[in-house]
Amino acid sequence: MSTPSPTSAAAALGTVGNGVEHLPYGSFTAGDAAPRLGVRLGDHVLDVAAVLDLAGGNVSAAAREAADSPSLDGLLACSKAVWDEVRGALQAAFLDPARTDAILATAVPLSDVTLGLPFTVADYVDFYGNEFHARNVGKIFRPHMEPLTANWKHLPIGYHGRAGTIVPSGTDFPRPQGMRPEPEGPPSFGPSRRLDIEAEVGFVLGSPVPQGRVPLHEAEQHVFGLTLANDWSARDIQSFEYVPLGPNLGKSFCTTISPWVTPLAALAGSRVAPPPRDTPLASYLDDSDADPWCFDLQIEISLNGEVISVAPFAETYWTAAQMLAHMTVNGAGLRAGDFFAGGTVSGPERNQRGSFLEICWGGSEPLTLKDGSEFTFLRDGDEVSMRATAPGPDGSVIALGECTGRVLPPANS
Ligand SMILES: O=C(O)/C=C/C(=O)CC(=O)CC(=O)O
Ligand SMILES: [Ca+2]
Ligand SMILES: [Mg+2]
């Protein structure tokens, strides 16, 4: 990519993490206007359709129509060729000094907008792709069994989530209630006592496949981009309900995602090979000759502003391409707006774990916070934020949109 000229919009507005090499998309509302598809440049947002209009006849009708939308929904319904065209046209506009004045005239400071869900979530699947996390949870939930289940290295395990409970960053939610195990006697109904987080990377899908498979080498055509995700989890509700069908209400009350979707193209320089495989894979999952599909993303997790952990996504065993191939190998196809999360991200060290369940080892190893207090699971009023950075082209940095939420007291109490 060419260097921004001093008079370009890229030079005027771009910031570290959100320069012209990033350009994440979101759905923004300014004042009384209806929501619009926006693109972020530095600490400003621009209406994508309005920027494309500045390119005159150089943009196809399909691209203009897709961009003229309240969210990413229009673009997700298109092919990757349109995604690339729109991104290319935005970068060209932001780098062109002749268009700087027109762009600056329409740029809205982030402090003046409300950000909604960046796309309409169709189906939601949550995978369990990180071996450190899976081993830790296995040891904590099933101490007398092998930590990794027999299927774990043969396929990426996942469960269906509730798409309708995915919310954008900044949405507070009440502590969930449900059936909790008691040390003695039958379970009781009440507010979760073991409310937790899961730091994850979410993948946004598009270019629909009405029915059929998405093989590994076609993943590039369907993964539009990435967001951070916090799969809030009520560990007590989960630990009682999950046998034998997996998590249900313990995770379906709220999942927070970043309001910005980072296009896959922006992370070209952050792609790395996944950890070495030690189990032979069925051909539909065998990625030994495929492009690298893991990402060098470091997810910083803060509790009430205090950094607790930095979780390395590159440690995730199963890749997004494998998860997509697996999700569709039965012929299911995919819809625009389908979304999957890759699983809780953990590394080998305590301060690299992506859940409090693991950091505090099921509550038996409390964390001492800066103020000297001891912490295990979330309290009413606690706020958790996730941020992540990845290397971008030419020494630049890509900063994924923040993913924040706060626990309110249980409803009706
Ligand atoms: O092993 C279990 O029983 C449960 C595991 C999880 O809670 C993990 C989950 O939601 C998937 C993930 O985020 O890795
Ligand atoms: Ca999860
Ligand atoms: Mg959830």
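Read the numbers this way: they start at 1 and go in the same order the structure lists the ligands and their atoms. Note that the numbering runs from 1 along the sequence shown for the chain.
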Within 6.0 Å of CD in Glu383, more than 12 heavy atoms from elsewhere: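 More than 12 heavy atoms, drawn from other residues, nucleotides or ligands, come within 6.0 Å of this atom.
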Phe240 atom CZ, neighbour heavy-atom count above 12 within 6.0 Å: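 Result for CZ/Phe240: open.
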Closest candidate by heavy atom, reference atom 10 (O) of ligand 1, pool His133, Lys251, Arg235: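 Looking at heavy atoms only, the winner is Lys251.
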Metal-centred angle, the Ca ion (ligand 2) as apex - OE2 of Glu200, OE1 of Glu198, 10° resolution: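 About 100° at the Ca ion (ligand 2).
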Contact summary for Pro410 and Asp380, nearest pair of heavy atoms: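 Taking Pro410 first and Asp380 second, the nearest heavy atoms are CD-OD2, 3.7 Å.
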Nearest protein heavy-atom contact for [atom]: which residue, which atom, what distance?
atom	value
atom 1 (O) of ligand 1	Tyr128 OH, 2.5 Å
atom 11 (C) of ligand 1	Phe127 O, 3.1 Å
atom 14 (O) of ligand 1	Thr344 N, 2.9 Å

Angle class for the [X]/[Y] ring planes (parallel below 30°, perpendicular above 60°, tilted otherwise)?
X	Y	value
Trp152	Tyr317	tilted
His326	Phe127	perpendicular
Tyr25	Phe224	tilted
Phe356	Phe375	perpendicular

[X] neighbourhood, listing ligand 1 atoms whose heavy-atom distance to it stays under 4.0 Å:
X	value
Gln238	4 (C), 5 (C), 6 (C), 7 (O)
Tyr159	10 (O)
Phe141	3 (O)
Glu200	13 (O)
Arg142	1 (O), 2 (C), 3 (O)
Asp231	10 (O)
Val137	1 (O), 2 (C), 4 (C), 5 (C)

Which N, O or S atom of Asp126 lies nearest to the Ca ion (ligand 2), by name: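 Closest N, O or S atom of Asp126 to the Ca ion (ligand 2): OD2.
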For the Ca ion (ligand 2), the closest N/O/S atom belonging to Asp231: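 Among the N, O or S atoms of Asp231, the one closest to the Ca ion (ligand 2) is OD2.
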Ser188 vs Glu182, side-chain hydrogen bond (donor to acceptor under 3.5 Å, both in side chains): CA-CA, chis, key distance, verdict: CA-CA 7 Å; Ser188 63; Glu182 295 292 349; 2.4 Å; yes
side-chain hydrogen bond (donor to acceptor under 3.5 Å, both in side chains) evaluation trace for Asp73 with Thr120: CA-CA 6 Å; Asp73 293 357; Thr120 305; 2.5 Å; yes
For ligand 1, the portion of Asp126 having any non-hydrogen atom under 4.0 Å away: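 For Asp126, only side-chain atoms sit under 4.0 Å from ligand 1.
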Ligand 1-proximal atoms of Tyr242, by part, heavy-atom distance under 4.0 Å: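 Side chain only.
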Asp236/Ser192 under side-chain hydrogen bond (donor to acceptor under 3.5 Å, both in side chains): CA gap, chis, key distance, verdict: CA-CA 7 Å; Asp236 40 2; Ser192 172; 2.8 Å; yes
